[in-house]
Amino acid sequence: MDRHSSDEDDDRQTLIHQNDTKHLPRQIPTSPRASTAPRSGFHIEELESQIRRRFKLTFNKRYLFAIFLPLLLIPIFLSTDIRSLFSSNISSLKFNKVSDQLKESQLQALYLLNQQLTSLLSLWNHTFVNSNDNVSAVQFDDIKASLLNQITLNKHIQQTLLSPHKTGNTLQNATVLDPAYAGYSFDRCRKVDLKFSERRTIEWKPKPNKFLFAICLSGQMSNHLICLEKHMFFAAVLNRALVIPSSKFDYQYNRVLDTEHINDCVGKKAVIPFEDFMEMKKNHAHIDRFICYFSSPQPCYVDEEHLKKLRSLGISMGKLESAWKNEDIKKPSQKTIKDLEEKFASDDDVIAIGDVFFAEMERDWVTQPGGPIAHKCKTLIEPSKLILLTAQRFIQTFLGSNFIALHFRRHGFLKFCNAKKPSCFYPIPQAADCITRMVERANTPIIYLSTDAAESETGLLQSMVVLNGKTIPLVKRPPRNSAEKWDALLYRHGIEDDPQVEAMLDKTICAMASVFIGAPGSTFTEDILRLRKDWGTASLCDEYLCQGEGPNFIAGEE
């Protein structure tokens, strides 16, 4: 134990002494005990001590660094591609050369694009100062839109090429012309200026106790509304109040229309519900003259069953009489106000006029925006307040302000359309192409679909309406969901399941769309177009489905 501790002390002293006498000649100290011990011939003990001390002397900082450096280099060697270290300088030189070439190409492309844009804008300015009288407004707008698309595409390409050269939000050494700031943008599907204030009108001034009983029997609700509007014109010409038919004889109009709205717009008691009329007549009224506008295929376009319904409501009447002997609903002749006054004017208190849906009279006057009657509103026949608010809530929930409305009639339409020349029933793929073109033209992100088509047809149609790789959603009114509140007003007033209310709701949504695509030959579509025209929502892009082209395949006849 003493020997070992003495050796360790001597070693520590030797190391300290060595550090303190770096510039002195090295001397090897010997232990006192070792000096008195006998020496062997080979000095084994002294040599062993010397080796031990020299070995310990090697563990200074420089030797430690030399030992651990390889250990640090081994992981770096294993994780690094040595070849890349030697080739990095060469690759950097090559990359810089390619980068310079790319930058030069980009700047050259930008120069050429800027030259093209300048030419396009010059063409715009010189070509569209005045439109060609031989070109329609729609064709003219199509040309403008095509040119504007090229200008916009040019701008986008320039911005893309310049994006690598951006510094913050600015572009280095480049200027991109923006057509929008120079007045080159326009709304391709803008609203039509129908010059509502310039329309020709007639004052509706009902005489006391003079009534016109409306008869509308052809077709469904849309036909009846068109018929009712024409009856209003008759009533205004003849200075009579119009009696709205009973729901037991016709549709329940008070669910879809607001008769008081009509009276407020006209400023007089011009329209009277059947119930109020019968109350005035003490539940028994007599039609003094029942005049038929059409005589063929049957007088007044009314059958015996409907005459019995009138009698059951407390209405008595004389014999039906025809205003013209040969007026056929299939070939109606044009009539004037003078013709109407000659044939239907009467001093009798109550007259009835048969169905006038097919009547052709003063067409330019009757079909003008707002209708032929003077009033202070946009239109006289419009959806009730409940339906109007529900439509607005649906649009706010699902569609937003920019949407296309599509009336896609299919049920019973195949045979109906194929009987016409040309047919108006289009295969789904062709219809999808037409709809997609309109989506591109109108720049709208969504479509409201009003349809009676089967799910198999609407599903295929949805899958094929695709623009730039993106499917354009077709939105229908969903089934009742208590979590949704857009239709709460209908449920609160108990009219949610009425098919006529749902049909009018569809019409109202379509009438509020940015662009409308209608079904040719459908009175449902025609009533939507009337509303759009009267409300001022009609667009330059409104059209019938695949307008201007026939179906690419038509089935044979039975």
Side-chain angles (χ1 to χ4, degrees), residues 202 212-238 240 242-245 249-251 253 257 287 289-307 309-310 320-345 351-368 371-373 380-381 407 409 412-413 415-417 419-421 424 500 503 507 518-531 533-534 544:
I202 182 175
L212 170 61
F213 203 93
I215 303 293
C216 295
L217 299 175
S218 62
Q220 298 183 9
M221 173 63 89
S222 296
N223 298 46
H224 287 225
L225 291 176
I226 295 172
C227 172
L228 198 62
E229 185 181 29
K230 291 182 179 181
H231 268 300
M232 289 168 58
F233 181 63
F234 272 82
V237 171
L238 302 174
R240 292 177 176 270
L242 184 68
V243 179
I244 302 296
F249 179 77
D250 201 341
Y251 288 109
Y253 290 104
L257 300 177
I287 297 177
R289 292 186 64 190
F290 203 134
I291 310 171
C292 303
Y293 188 98
F294 291 102
S295 55
S296 180
Q298 61 188 43
C300 288
Y301 202 68
V302 61
D303 54 17
E304 186 60 33
E305 181 182 352
H306 281 90
L307 292 176
K309 285 184 178 181
L310 281 177
L320 303 184
E321 57 180 284
S322 296
W324 296 281
K325 292 183 179 180
N326 299 313
E327 193 66 21
D328 192 336
I329 62 171
K330 295 181 180 180
K331 296 179 180 180
S333 58
Q334 294 290 335
K335 305 298 181 184
T336 64
I337 283 187
K338 185 178 179 181
D339 295 329
L340 302 183
E341 290 174 337
E342 289 178 352
K343 296 295 183 178
F344 299 99
I351 68 170
I353 297 179
D355 198 312
V356 293
F357 170 74
F358 296 99
E360 291 289 344
M361 58 206 181
E362 302 285 1
R363 182 173 182 80
D364 293 339
W365 194 357
V366 172
T367 60
Q368 64 186 333
I373 299 172
L380 294 179
I381 296 182
H407 176 216
R409 182 177 174 183
F413 218 44
K415 185 175 180 180
F416 169 81
C417 279
K420 302 176 68 174
K421 301 296 180 184
C424 53
Q500 302 310 321
K507 284 184 181 180
S522 166
T523 53
F524 188 92
T525 281
E526 294 305 315
D527 203 35
I528 293 171
L529 291 172
R530 176 191 66 82
L531 275 175
K533 178 179 58 180
D534 292 353
Y544 299 110

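Contact detail for Cys424 and Pro520: the closest heavy-atom pair is CB-CG, 3.5 Å. Of all heavy-atom pairs between Cys227 and Asp355, the closest is SG-OD1, 3.7 Å. Taking all atoms of both residues into account, the shortest heavy-atom contact from Gln368 to Asp534 is O-OD1, 4.1 Å. In plain terms, the two heavy atoms of Pro245 and Ala214 that are nearest each other are CG-O, 3.4 Å. His224 and Gly219 get closest at one heavy-atom pair: NE2-O, 3.2 Å. Among all heavy-atom pairs drawn from Leu257 and Leu228, the shortest one is CD1-CD2, 4.1 Å.
No side-chain heavy atom of Met361 sits less than 4.5 Å from a side-chain heavy atom of Thr336. At least one side-chain heavy atom of Glu327 sits under 4.5 Å from a side-chain heavy atom of Pro332. Residues Leu310 and Ile215 have side chains in contact (heavy-atom distance under 4.5 Å, counting atoms from C-beta outward).
Between the CZ atom of Phe344 and the OH atom of Tyr293 there is a distance of 7.0 Å, given to the nearest 0.5 Å. If you take NZ on Lys335 and CD on Glu362, they are separated by 12.0 Å, rounding to the nearest 0.5 Å. To the nearest 0.5 angstrom, Tyr301 atom OH is 8.5 Å from Leu217 atom CG. In this structure, CG in Leu238 is found 11.0 Å from NE2 in His231, a value given to the nearest 0.5 Å. Between Lys325 atom NZ and Cys292 atom SG the span is 14.5 Å, to the nearest 0.5 Å. For the atom pair Ser522 OG and Leu529 CG, the distance stands at 9.5 Å (nearest 0.5 Å).
When atom types are taken as modelled, the side chain of Arg530 and the backbone of Ile381 share a donor-acceptor pair closer than 3.5 angstrom. Of the possible donor and acceptor atoms, none in the side chain of His306 sits under 3.5 Å from a partner among the backbone N and O of Phe249. For Ser296 (side chain) and Asp328 (main-chain N/O), no donor-acceptor pair under 3.5 Å exists by modelled atom type. The main-chain N or O of Val237 is never found under 3.5 Å from a side-chain atom of Glu341 such that the two would form a donor-acceptor pair. Judged by distance alone, the side chain of Asp527 and the main-chain N or O of Ser222 form no donor-acceptor pair under 3.5 Å. Of the possible donor and acceptor atoms, none in the side chain of Glu321 sits under 3.5 Å from a partner among the backbone N and O of Arg289. For the pair Glu229 (side chain) and Phe233 (backbone), a donor-acceptor distance under 3.5 Å is absent.
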Show the numbers, then the answer: is there a side-chain contact (heavy atoms from CB on, under 4.5 Å) between Ile353 and Leu340?
CA-CA 11 Å; Ile353 297 179; Leu340 302 183; over 6 Å; no

Pair Ile351-Phe234, side-chain contact (heavy atoms from CB on, under 4.5 Å): steps then yes or no
CA-CA 11 Å; Ile351 68 170; Phe234 272 82; over 6 Å; no

The test is side-chain contact (heavy atoms from CB on, under 4.5 Å); show your working for His407 and Phe524 and say whether it passes.
CA-CA 8 Å; His407 176 216; Phe524 188 92; 3.5 Å; yes

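Ring geometry for Tyr253 against Tyr251 counts as perpendicular: the plane angle is over 60°, on a 0 to 90° scale with 30° as the lower cut.
A donor and an acceptor atom, one from each side chain of Asn223 and Ser218, are nowhere located under 3.5 Å apart.
A salt bridge does not link Asp339 to Lys343: none of the charged nitrogens lies less than 4.0 Å from a carboxylate oxygen.
Just one residue in the list Glu526, Gln220, Lys507, Lys230 forms a side chain to side chain contact (heavy atoms under 4.5 Å, CB included) with Leu225, and that residue is Lys507.
Proximity of the aromatic rings of Trp324 and Phe294 is defined here by a centroid distance below 6.0 angstrom, and this criterion is not met.
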